[in-house]
Chemist: 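Before we start, here is the structure in question, set down as structure tokens.
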Amino acid sequence: MLIRRCAALWLEPREETRFDLDVLLAGGTGVVSSMQWFAHAPQRDEPMDVDAGDVVLLGELSPLDWVAATPLRAHHGTARVRRLLQLGLLVGSTKAWTTQRELDVRMRDMHWHGLSAVCHARSRWDGIDAAGEVEEAGLHNAEGLRQALGVPPPMLHARLDGGACTALPRMPRNAFDQILDARASCRNFDAGKMLPLAQLSQVLERAFAERGRIHGADDFDVLKRTSPSGGALHPTECYLIARDVDGLAAGLYHYRPGEHALQALPLDEEQVLAGAGKHAAAKGMGALDYLAWIAVGGQPYFADAHALCVLAPRFERNFWKYRNHSKAYRVCILDIGHLSQTLLLSATEQGLGSYVTAAINEADIERAFGLTPWIDGPLAVCGIGVRAGDMQTYELDPNHRAWPRKRQVAL
Ligand SMILES: Cc1cc2nc3c(=O)[nH]c(=O)nc-3n(C[C@H](O)[C@H](O)[C@H](O)COP(=O)(O)O)c2cc1C
């Protein structure tokens with residue numbers, strides 16, 4: 001048999017701390033710390049405990065060149081080699097290791113930059129009520145943040161090494177400025193109203209639809225959208241959680257930019273609700289409402305949106321050009337920033353509320369939509385909906401462009 005290392009790997013030396021009563025009774029602080037190695041392979045959901053001997057072996061092997069297994073077993077021990085093969089950190093050439101090898105080949109063929117792949121894998125959440133945690137820590141408002149974290153870096157920045165300032169002309173404001181000024185991240189949707197399909201449709205068309213197409217080369221067409229995209233590759237897909245849209249059955253959809261159409265996707269209610277039991281805040285929610293709530297990290301004011309758009313790049317489309325490229329993942333994230341701003345401005349133009357958030361439970365979304373984190377995992381969620389009559393949850397609207405002054409009752 002031949003062996004090589006898996007495609008992408010980060011070995012982390014982590015300091016682990018635990019409480020030990022004996023140490024406390026002996027006059028110490030009770031806190032004991034020790035070093036532990038963790039192996040991060042992006043195709044695996046969790047980091048894996050490894051020991052110093054594993055690290056030496058993994059550090060010896062190339063991710064490209066195969067070497068004979070027999071001398072490795074003789075030098076490092078059969079049990080160690082076998083355990084690392086089972087974990088998928090080593091890849092074996094024989095039939096016994098087909099499952100791990102095929103997964104590794106799929107990962108390899110994606111052309112992820114190694115560090116980006118690990119960063120993407122380890123920044124995912126699964127079933128986290130982030131809003132609940134933030135509130136419990138008292139960090140949900142400016143006062144709490146200021147008290148817990150001290151003074152933030154200044155709001156504005158002036159260079160001390162700079163020269164004279166040139167005042168810039170202020171131009172008269174026009175309709176475009178009005179749209180820009182009226183955009184405010186919406187945390188107050190009207191649960192009693194339905195979002196008309198025509199309005200949702202226009203927002204989706206402006207943000208995601210094909211606006212043109214260029215034939216670059218044989219079997220290589222390029223999509224034109226209203227937002228820019230690194231390499232003109234437009235890898236980002238939009239998946240929809242439709243909750244309260246008038247004219248559209250509640251459920252899951254995939255937006256098809258070429259046809260400007262929504263394709264229904266199956267909703268496995270049992271699977272979606274499997275993690276709901278551990279959240280008191282989710283008690284009594286149906287599958288779709290729970291999915292919306294957990295998708296946005298337990299933020300109830302965002303879960304209320306009438307439709308939620310999951311933005312998920314097909315990484316392969318971008319990495320086809322930017323192979324193992326240190327900027328490629330960054331470009332995918334930046335693409336999503338552009339798409340979301342276009343979506344937000346389109347919604348604002350129609351008088352709708354909208355938001356974007358990256359505080360999302362990627363794993364829950366992936367399971368519901370049948371996505372794979374390192375193939376087409378989500379990076380952000382945008383919400384669209386009808387604004388409520390009154391502002392009950394805080395929004396940043398100091399100039400009263402989204403809310404008339406008298407409607408800001410809670411503040
Ligand atoms: C990438 C990104 C992630 C965000 N995530 C959250 C979030 O998780 N929760 C939230 O309440 N607002 C979130 N926001 C909204 C910001 O809080 C908001 O943009 C900021 O307060 C400024 O307000 P404005 O959007 O109304 O101008 C996010 C904004 C961006 C751009």
Side-chain angles (χ1 to χ4, degrees), residues 119-120 123-146 149 152-153 155-156 176-189 203 207 227 236 238 241 281 291-305 308-313 329-365 377-385 387-388 391-405 407-408 410-411:
C119 169
H120 177 65
S123 54
R124 290 165 62 249
W125 289 352
D126 190 349
I128 304 275
D129 176 5
E133 288 177 14
V134 165
E135 188 152 356
E136 204 168 306
L139 301 175
H140 57 294
N141 57 27
E143 277 301 325
L145 285 167
R146 173 66 184 78
L149 306 178
M155 185 183 82
L156 300 175
F176 185 53
D177 291 281
Q178 279 167 19
I179 297 171
L180 292 171
D181 288 341
R183 187 209 56 76
S185 295
C186 180
R187 299 189 187 88
N188 297 273
F189 291 99
V203 173
S227 297
T236 309
C238 167
I241 305 173
L291 179 59
W293 181 82
I294 200 72
V296 293
Q299 301 181 78
Y301 39 86
F302 279 175
D304 279 348
L308 292 86
C309 300
V310 172
L311 306 190
Y329 181 57
R330 187 189 299 192
V331 163
C332 291
I333 297 172
L334 288 169
D335 272 16
I336 281 183
H338 288 87
L339 289 164
S340 60
Q341 176 71 347
T342 306
L343 183 151
L344 268 49
L345 291 177
S346 303
T348 305
E349 192 266 343
Q350 295 198 48
L352 297 172
S354 59
Y355 65 81
V356 59
T357 176
I360 64 172
N361 279 298
E362 291 87 349
D364 296 84
I365 298 170
L379 293 179
V381 170
C382 294
I384 308 165
R387 278 190 172 280
M391 186 203 287
Q392 299 291 343
T393 305
Y394 180 72
E395 291 185 26
L396 200 67
D397 184 31
N399 302 317
H400 309 285
R401 299 296 165 89
W403 292 94
R405 200 178 294 265
R407 291 294 184 190
Q408 301 193 0
L411 306 174

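The structure presented is a predicted model; accordingly, all values stated were derived computationally and were not measured. First listed ligand is number 1; within each ligand, the first listed atom is number 1.
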Chemist: Measure the CH2-CD distance between W293 and Q299 for me, rounded to the nearest 0.5 Å.
Modeler: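 Output value for this atom pair is 10.5 Å.
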
Chemist: What's the separation between atom CG in D129 and atom CD1 in I294, rounded to the nearest 0.5 Å?
Modeler: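 Nearest 0.5 Å value for the CG-CD1 distance: 7.0 Å.
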
Chemist: Rounded to the nearest 0.5 Å, how far does CG of L139 lie from CD of E133?
Modeler: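 One gets 11.0 Å once the value is rounded to the nearest 0.5 Å.
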
Chemist: Would you mind telling me which of S227, C382, S354, C309 makes a side-chain contact (heavy atoms from CB on, under 4.5 Å) with S340?
Modeler: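 In the set S227, C382, S354, C309, the residue that makes a side-chain contact (heavy atoms from CB on, under 4.5 Å) with S340 is C382.
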
Chemist: Does R387 come within less than 4.0 Å of E395, counting only side-chain N to carboxylate O?
Modeler: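 Yes, charged N to carboxylate O under 4.0 Å.
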
Chemist: So, taking the atom named CG in N361 and the one named CD1 in I128, what distance separates them when rounded to the nearest 0.5 Å?
Modeler: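 Answer rounded to 0.5 Å: 6.0 Å.
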
Chemist: Heavy-atom contacts with ligand 1 below 4.0 Å: which residues, ordered by chain and residue number?
Modeler: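 Within 4.0 Å of ligand 1, the protein residues are R183, A184, S185, R187, Q299, Y301, F302, V356, T357, A358, A359, L396.
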
